[in-house]
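Computed from a predicted model, the values in this text were never measured in an experiment. In listed order, ligands and their atoms are each counted from 1.
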Amino acid sequence: MGRDLKAGVCAAALLLALGGAAEAAGAKTSAQPWMNRKLGPDARAELVLARLSLDQQIALLHGVMPVFLGPKKPAHVQISAGYMAGVPELGIPDLTESDASLGVANAGRKDDDATPLPSGLALAATFDPKTAFAAGAMIGKQARQKGFNTLLAGGANLLRDPRNGRNFEYLGEDPLLAGVMDGASIRGIQSNHIVSTLKHFALNDQETGRMVLDAVIDEAALRESDLLAFEIALETGQPGSVMCAYNRVGGTYACENPFLLTQVLRTDWRWPGWVMSDWGAVHGAAAAKAGLDQESGQQLDKQVYFDKPLKAAVTSGEIPAARIHEMAHRYLRSLFATGVVDHPLAPGGLDTAADGRVAGRAAEQAIVLLKNGAGLLPLAKTARRIAVIGGHADVGVISGGGSSQVIPLGSKSFPKPKGAPQWGGGQVYHPSAPLAAIRALAPGAEVSFSDGADPAAAAALARSADVAVVFATQWSTEGMDIAMKLDGAQDALIDAVAAANPKTVVVLETAGPVTMPWRGRAGAIVEAWYPGSRGGEAIARVLFGEADPQGRLPVTFPTGEAQLARPVLLGSDQNIVETLTPSAAKPFEVRYAEGSDVGYRGFARSGETPLYPFGYGLSYTAFRYSGLKVTGGRTLSASFTVTNTGRRAGVDTPQLYLTAAPKRRQQRLIGWSKVALKPGESRRVTVAAPARMLADWDTAAHGWRLDGGAYRVAVGPDAATAALTGSAQVTAAKLKP
Ligand code: BGC
């Protein structure tokens with residue numbers, strides 16, 4: 001009785017409170033009609049703009065980097081990438097921006113915990129948009145909990161060169177894979193009613209000279225490669241904002257490039273959001289005319305261009321006031337469209353244990369088994385002596401540096417190599433030690449560790465063990481490019497260990513492709529990328545067969561630099577390390593003569609054999625494909641049967657490639673499927689190719705052209721293996737840009 005009464009009282013109080021709130025909301029919407037959620041984002045933005053003077057509009061168009069505010073930094077503003085004051089009296093919140101490629105970046109915030117995802121390449125290796133969505137949703141949730149309503153995430157630059165220092169933030173070499181995965185992750189982030197960016201638009205495909213280089217490429221090739229990745233990500237993710245890049249494209253800086261910002265983004269793709277600059281990427285107020293809407297990190301530019309100079313350009317008539325209105329409109333409409341205005345932040349409630357599980361699942365799905373000689377893996381839990389060597393496996397797993405760096409509590413930092421950029425906290429190892437994880441999964445074994453500093457001692461330890469597991473790392477960071485090899489003397493260490501014990505498993509924690517001079521001598525090779533907050537556990541689970549290795553390479557592993565489109569990295573003669581201050585480097589051109597033949601497409605054309613092809617990855621079981629049926633018409637789809645012919649359950653990723661079109665020969669990934677199968681189980685799968693993936697960009701006609709005729713396809717486990725081939729007739733069509 002007492003309890004019922006209490007419940008009744010509570011319910012009545014709630015009803016009263018709700019009634020009051022509804023009344024208050026009603027009063028608020030009549031005083032602030034833009035708070036009416038039934039109106040569309042454009043209408044709401046216009047209602048706000050009607051209350052803003054030109055100066056107030058301009059104030060929304062440039063933001064600061066809090067760290068440079070010094071004592072002037074308001075107490076509520078956190079140290080993070082960016083901040084822009086809102087219009088509190090109108091209910092427009094501040095824009096609080098955090099870097100985010102792989103989590104809520106937190107360098108410079110003491111005692112701040114955050115959960116790092118595995119690297120972007122790792123995420124792409126899952127070939128699973130659901131995993132990308134979950135990953136995005138997790139970091140978006142943490143952003144809200146930490147007081148950020150904008151994540152500077154969504155890096156979709158194509159991997160054109162394995163030496164690009166930021167490859168670990170991006171999603172590989174294929175436009176369809178990168179676009180689909182990036183779009184899913186952006187959707188996940190924005191499912192938290194915050195903004196995600198899509199960046200760096202476009203062709204910021206190497207760090208060397210990023211502030212000065214001019215990327216030159218034919219328009220059709222650009223539309224079919226780098227821009228296609230952005231286009232697909234934009235359509236699927238609907239990001240509130242796009243961040244333009246540092247470099248020039250076709251002679252003009254990306255952030256003042258009318259072709260990129262107005263023609264492509266706004267006219268062709270009909271995207272309604274706002275373009276923010278990269279930090280220190282604005283070179284004048286005139287950028288506004290080309291389509292830039294907001295100057296970010298304004299202290300990094302030579303002047304704050306989008307304040308007084310922008311106003312002066314309006315006063316002189318150089319920039320119409322209507323353009324300022326449009327810039328502010330795009331900004332405000334994104335804040336309404338994503339839910340930033342309607343869902344104010346309520347920081348708190350971080351649950352890194354649960355969030356770590358999301359990161360751990362992604363890491364596990366991303367691990368690629370490259371070699372498994374004599375069925376060395378999975379390791380038997382009954383192994384008596386296991387030698388674990390190198391890679392700071394006793395400490396944790398390596399991560400990439402730069403603005404995206406996430407440093408969870410318990411991380412450990414080692415010194416950076418000489419000449420690395422100033423920012424960040426050294427080479428950060430996330431606190432998920434593979435050594436401890438291996439010990440936990442093999443409680444009966446004697447698991448010894450050697451740090452690998454002395455190769456002879458490591459080899460002696462390996463010789464005395466049943467199996468040796470060598471961890472090898474490659475550090476990478478924003479601001480500089482890297483060599484396509486393991487850091488330091490690790491190749492020699494692996495050689496020494498493998499010579500001592502043929503049962504040597506090499507676990508790579510690399511930014512991307514590396515050469516493997518010891519490949520023939522290693523028993524097994526596992527690519528674990530930068531595996532994030534639970535990386536150690538994920539690696540151990542795959543090593544012991546608790547999880548099937550189901551990652552597939554989102555990038556070709558070439559045999560060496562000689563197989564790259566540009567064997568010598570352009571600009572490397574200048575020894576440029578990019579900081580955020582204006583660059584002293586001499587401008588140079590990077591001509592992408594390979595056009596849209598990036599990665600595996602180039603290999604298909606040249607006929608050369610890489611170290612490992614795009615899409616490659618072994619399982620602990622085996623799969624067979626049969627019964628291909630290709631259907632044509634307005635687009636193309638392929639149905640086939642996948643059978644698990646082995647004795648373990650496993651997950652496969654059969655891939656569908658276009659190999660020839662009526663007027664063109666070019667290999668293209670046009671779809672894939674992910675199938676989990678029990679031993680002996682078969683499943684019929686259908687993969688449908690989006691029509692645009694079959695089409696060519698027709699520059700003269702300004703649209704996609706689908707030639708009518710026979711389209712040939714191959715189904716295979718990777719780009720270099722055509723297990724099944726077939727063809728179908730596709731009808732000619734013109735597709736909108
Ligand atoms: C990077 C961006 C980043 C920005 C803000 C720049 O150096 O290129 O990716 O979002 O800094 O930290």
Side-chain angles (χ1 to χ4, degrees), residues 62-69 77-84 95-109 114 119-120 139 143 148-157 164-171 182 185-186 189 194-213 215 230 233 239-248 253-255 274-282 292 294-301 400-407 420-425 476-481 576-583:
H62 58 100
V64 296
M65 243 183 128
V67 75
F68 294 126
L69 292 177
V77 176
Q78 303 189 60
I79 296 293
S80 76
Y83 169 81
M84 204 154 316
L95 194 75
T96 49
E97 300 168 308
S98 169
D99 265 304
S101 290
L102 314 167
V104 185
N106 58 351
R109 291 202 304 275
S119 68
I139 64 171
F148 297 106
N149 57 22
T150 302
L151 278 186
L152 309 173
N157 297 84
N164 176 9
R166 294 187 89 172
N167 282 337
F168 72 92
E169 297 185 51
Y170 304 141
L171 295 140
D182 206 37
S185 135
I186 291 169
I189 292 173
I194 64 168
V195 171
S196 172
T197 58
L198 167 63
K199 70 186 187 184
H200 309 87
F201 195 63
L203 288 166
N204 185 173
D205 293 349
Q206 68 174 58
E207 286 299 277
T208 301
R210 67 176 178 174
M211 301 285 189
V212 297
L213 73 80
F230 278 95
S241 182
V242 167
M243 186 193 294
C244 50
Y246 285 125
N247 51 285
R248 292 179 161 96
Y253 281 115
C255 285
W274 97 94
V275 177
M276 66 167 76
S277 73
D278 201 340
W279 272 233
V282 185
L292 179 66
Q294 198 177 59
E295 177 181 19
S296 317
Q298 63 188 35
Q299 303 101 318
L300 298 175
D301 290 322
S403 58
S404 69
Q405 180 81 65
V406 183
I407 313 175
Q422 291 304 307
W423 65 58
S476 174
T477 181
E478 177 182 346
M480 71 178 220
D481 293 323
I576 307 163
V577 170
E578 291 295 11
T579 56
L580 293 173
T581 51
S583 175

Open item on the list: For the CH2 atom of W279 and the OG atom of S296, what is their distance to the nearest 0.5 Å?
Closed with: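 Rounded to the nearest 0.5 Å, the CH2-OG separation comes to 3.5 Å.
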
Quick one: which ligand 1 atoms are inside 4.0 Å of a heavy atom on [X]?
X    : value
K199 : 2 (C), 3 (C), 9 (O), 10 (O)
D99  : 3 (C), 4 (C), 5 (C), 10 (O), 12 (O)
A81  : 5 (C), 12 (O)
H200 : 2 (C), 8 (O), 9 (O)
L152 : 10 (O)
R210 : 7 (O), 8 (O)

Task: Any residue meeting salt bridge (Lys or Arg N to Asp or Glu O under 4.0 Å) with E169, in chain and number order, not counting sequence neighbours - done: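 So E169 forms a salt bridge (Lys or Arg N to Asp or Glu O under 4.0 Å) with R166.
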
Task: Backbone or side-chain N or O of Y246 under 3.5 Å from ligand 1 N or O - done: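 By distance alone, the answer is yes.
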
TODO: Check whether any side-chain heavy atom of V104 lies under 4.5 Å from a side-chain heavy atom of F148, and answer yes or no.
DONE: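 V104 vs F148: side chains touch.
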
Open item on the list: When you compare the side chain of E478 with that of R210, does any pair of heavy atoms fall below 4.5 Å?
Closed with: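 In short, these two side chains touch, coming nearer than 4.5 Å.
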
Task: Test item, E169 contacting ligand 1 (heavy atom, 4.0 angstrom) - done: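 No, E169 has no heavy atoms under 4.0 Å from ligand 1.
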
Task: Sub-4.0 Å heavy-atom approach of M243 to ligand 1 - done: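 Yes, that is the case, since the closest heavy atom of the residue is under 4.0 Å from the ligand.
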
Open item on the list: Counting only heavy atoms closer than 4.0 Å, does ligand 1 sit against the backbone of M211, its side chain, both, or neither?
Closed with: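 Contact part for M211 vs ligand 1: neither.
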
- [ ] Measure M65 to ligand 1 on non-hydrogen atoms and call it side chain, backbone, both or neither using the 4.0 Å cut-off.
- [x]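 Neither part.
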
Open item on the list: Under 4.0 Å between a side-chain nitrogen and a carboxylate oxygen: does that hold for D182 and K199?
Closed with: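 Here D182 does not pair with K199 in a salt bridge, since their nearest N and O are not under 4.0 Å apart.
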
- [ ] Just jot down the ring pair (Phe, Tyr, Trp, His ring centres under 6.0 Å) partners of Y253, sequence neighbours excluded, or say none.
- [x]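 Ring pair (Phe, Tyr, Trp, His ring centres under 6.0 Å) list for Y253, sorted by chain: H283.
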
Task: Side-chain (D481) to main-chain (E207) donor-acceptor, under 3.5 angstrom - done: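 Checking the backbone N and O of E207 against the side chain of D481, a donor-acceptor pair under 3.5 Å is found.
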
Open item on the list: If you compare all heavy atoms of I186 against all heavy atoms of S196, which two are closest, and at what distance to 0.1 Å?
Closed with: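 Taking every non-hydrogen atom into account, CG1-OG, 3.7 Å.
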
